[in-house]
Protein chains: 2
Amino acid sequence: MGTKLTIDDIAEALGVSKTTVSRAISGKGRIGRETRGRVQEYIQAHNYKPNVIAKGLAQQRTYNIVVAWPGDPGIVELPFFQNCLIGMSQAAEDAGYDILVSVADSKDISKLQRIVENHKVDGAVLTRTLVRDPLAAYLKESGLPFVAIGSTEDPEVLQIDNDHYAACRELTSVLLAKGIRKLALIGGEDNLVITQTRRSGFLAAFEDAKIQPDRSLIFTGTDGQAEVTDMVDEILEKKADGVICMDDFFAGNVMEVCKSRKIRIPEDLKLASFYDSSVLDYASPAVTSLNFNDRRLGAAAIRMLLDKIEGKEVKNIRLKTYEVMLRESTK
Amino acid sequence: MGTKLTIDDIAEALGVSKTTVSRAISGKGRIGRETRGRVQEYIQAHNYKPNVIAKGLAQQRTYNIVVAWPGDPGIVELPFFQNCLIGMSQAAEDAGYDILVSVADSKDISKLQRIVENHKVDGAVLTRTLVRDPLAAYLKESGLPFVAIGSTEDPEVLQIDNDHYAACRELTSVLLAKGIRKLALIGGEDNLVITQTRRSGFLAAFEDAKIQPDRSLIFTGTDGQAEVTDMVDEILEKKADGVICMDDFFAGNVMEVCKSRKIRIPEDLKLASFYDSSVLDYASPAVTSLNFNDRRLGAAAIRMLLDKIEGKEVKNIRLKTYEVMLRESTK
DNA sequence: TTGTATGCGTTATCAT
DNA sequence: ATGATAACGCATACAA
């Protein structure tokens, strides 16, 4: 039962030294073919599992990765993080690592700090990055290897992300090509890098199409239903023919407001979202949006981090795996 | 910087033995008031943090808890798990523990097994329990302390859960009191304990009201949109005046079917869900449902587990914190 | 190829 | 009240 089998027990049972057993397991150092076989056989038969804690103590490693999770209500429910976690978990598992989560407000360093200072992890993944990220700054100073999901301005920070710039540019282009020219943009917090990236992609599409965007129709820095109501009213007043939202929550808000204002989608106003989630699964009409592969993103982030930990040279990654999902709301 | 400060360094700097330093920190064993003060002061000034790994090796502990997460697509997106995690994380943090996640299919033991056998955790939390749960069976055999969120039949397994029985009974009672008497029930997988619990609560309400339920209107063991379509047709054919769904996904499905069948909610058919999530946030009409406090549940589960780990006597918990959210769909 | 001795950072067991 | 020393389970430099 309680597999308390240690490397010493095996050594004694086989009449060899613990060093030999250790070598047979790790494969490091020269060791006799036959001896090695005996050890392998024994650990197989007795289901020996090395104590990772002890192993870690000896080589100053934990075989744990911490994932910093945003605890903000609202954001929390986006399936992105959950899907991302599945990918991360799988990738970590494949390498013999485990995932430790730290959920906290993005501006609160303390939780992550405790974990790092207690030597509980070999690296970290940030799942959401602010423009000037406190967590990133702390990790950088601490010297712990880490990667950020979502772009940061700091070139020294390892980054991985979906190519939101290209994706948003494409979605916008598609809408412009459909003849929707007075397009409004409703976005998230200004201090999120992704907000700026999306806006850039949005504007780039206008440039591609040689159309002058109406910058007074770009609303960022918002955060809440009340403001959205005002925005929609302003948008309607300015006779816009379409709205792109930075995420599904905003899209949902817009739909509610339109409903109360008797504005029909897509007849009176087209609607699209930069992120596809289940939040709008049952919304009517179905909303045109961008679809990313979050699991893949999570897995890639972990592999990248592990490479970094092993001292390999790693470069930033920008995943191209996205697709524009055209639905009823822009017909 | 690289806080490589060890207990030895402190001992040397203060001219005492490491034993003394260890005592001053842990508070265990007798130690002079003055000596203790000096040590405390020193570790404060130099920001000393004990190496939890080494500490763990010495006392056969990891200060880690593993949370088994269901990896099934679909379930994944329910905000329950994410909210639950926030509560768990907080409770663990308060006790100096960290949360390690293992995401896998509920029937796949291997992931969890690796973590347990490698001695990486002191305990486990199961976030979803099957009727005959393989994970629970494995953990039980392994001897590792664990608690299950969601009831199990096995009385030897520590359990904590919202009182779904009472909650579903109440929701059903409310609807019956509103005069909705031909109530249908559409439910989840038969091998989930919660499915059975909810059905029991549903039936209990009928008994309370001394009304005979039409058992042919109870549909469990379903899993998918196609079947739901058939069910709704059958329900309509039998002239039911209301439907209760076991979760928001089913409720969403029902709404879609009704829409295509030109059935109006709530005029032609009332609708309610046993679980309130953001999945239906933008659904119209708003759906009447039960609202639980998931964070609180997560936190309580962790505290319960830690008590168990520390050898305290712990008993099963059934949280009463729920409320019936009456909305438009049952007006 | 194999074994010995030592270290990793902490707690626990004895003495003193 | 304090200190020397031995665990904890594994890795590794150095010897043999």
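The figures that follow rest on heavy atoms only: side chains count, while hydrogens, waters and symmetry mates do not. Below, chain A is the first sequence line, B the second, and so on; all start at residue 1.
Within 4.0 Å (heavy atoms only), A/Ser22 reaches at least one base atom of the nucleic acid. Looking at heavy-atom distances under 4.0 Å, B/Val52 makes no contact with the nucleic acid at all. Within the 4.0 angstrom heavy-atom criterion, only backbone atoms of the sugar-phosphate kind lie near B/Ile31; the bases stay farther away.
As rounded to whole Å, 18 Å separates atom P of D/dA7 from atom CG of A/Asn51. Summarising the geometry, the separation between CD1 on A/Ile25 and C1' on D/dT12 is reported as 14 Å, rounded to the nearest angstrom. When the C1' atom of C/dT10 is taken as reference, atom NZ of B/Lys49 falls 17 Å away, rounded to whole Å. Atom CD in A/Gln59 sits about 12 Å away from atom P in D/dC10, given to the nearest Å. Between the CG atom of A/Asp9 and the C1' atom of D/dC10 there is a distance of 13 Å, given to the nearest Å. If you take CG of A/Leu5 and P of D/dC8, they are 14 Å apart, rounded to a whole angstrom. Computed from coordinates, the B/Arg61 CZ to C/dA12 C1' distance equals 15 Å when rounded to whole Å. Distance CD1 (B/Ile7) to C1' (C/dG7): 16 Å, rounded to an integer number of Å.
Judged by the 6.0 Å distance and 45° axis criteria, B/Lys120 is not positioned over the aromatic ring of A/Tyr63.
The side chain of A/Lys55 lies closest to D/dC10 when the candidates are D/dC10, D/dT2, C/dT10. In this structure, the nucleotide among D/dA6, D/dG3, D/dC14 sitting nearest to the side chain of B/Lys18 is D/dA6. Closest to the side chain of A/Pro50, from the set C/dT2, D/dG9, D/dC10, is D/dC10. Out of C/dC8, D/dC8, D/dT12, the shortest distance to the side chain of A/Ala58 is found at C/dC8. Listed nucleotides D/dA4, D/dA11, C/dG9 differ in distance to B/Ala54; the shortest reach to its side chain belongs to C/dG9.
At least one side-chain nitrogen or oxygen of B/Thr35 sits closer than 4.0 Å to the OP1 or OP2 atom of D/dT2. A close approach under 4.0 Å does not occur between any side-chain nitrogen or oxygen of A/Tyr48 and OP1 or OP2 of D/dG9. Phosphate contact (OP1/OP2 of C/dG3, side-chain N/O of A/Thr19, threshold under 4.0 Å): absent. At D/dA4, none of the side-chain N or O atoms of B/Ser17 fall inside 4.0 Å of OP1 or OP2 (strictly under the cut-off). Phosphate proximity of C/dG3 to A/Thr20: present, with a side-chain N or O under 4.0 Å from OP1 or OP2.
Just one residue in the list B/Val66, B/Asn64, B/Val67 forms a side chain to side chain contact (heavy atoms under 4.5 Å, CB included) with B/Ile99, and that residue is B/Val67.
Side-chain contact check for A/Gln90 versus B/Val103: every heavy-atom pair is 4.5 Å or farther apart.
Comparing B/Gly32 and B/Gln60, the nucleotide of DNA chain D nearest to each residue sits closer to the 5' end for B/Gly32.
Minimum interatomic distance between A/Pro50 and B/His119 (heavy atoms only, all atoms of both residues): O-ND1, 4.1 Å.
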Practice prompt. Show the numbers, then the answer: is there a salt bridge (Lys or Arg N to Asp or Glu O under 4.0 Å) between A/Asp94 and A/Arg303?
Written response: CA-CA 10 Å; A/Asp94 293 344; A/Arg303 283 192 290 264; 5.5 Å; no
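There is no side-chain donor-acceptor pair under 3.5 Å between B/Asp154 and B/Thr152.
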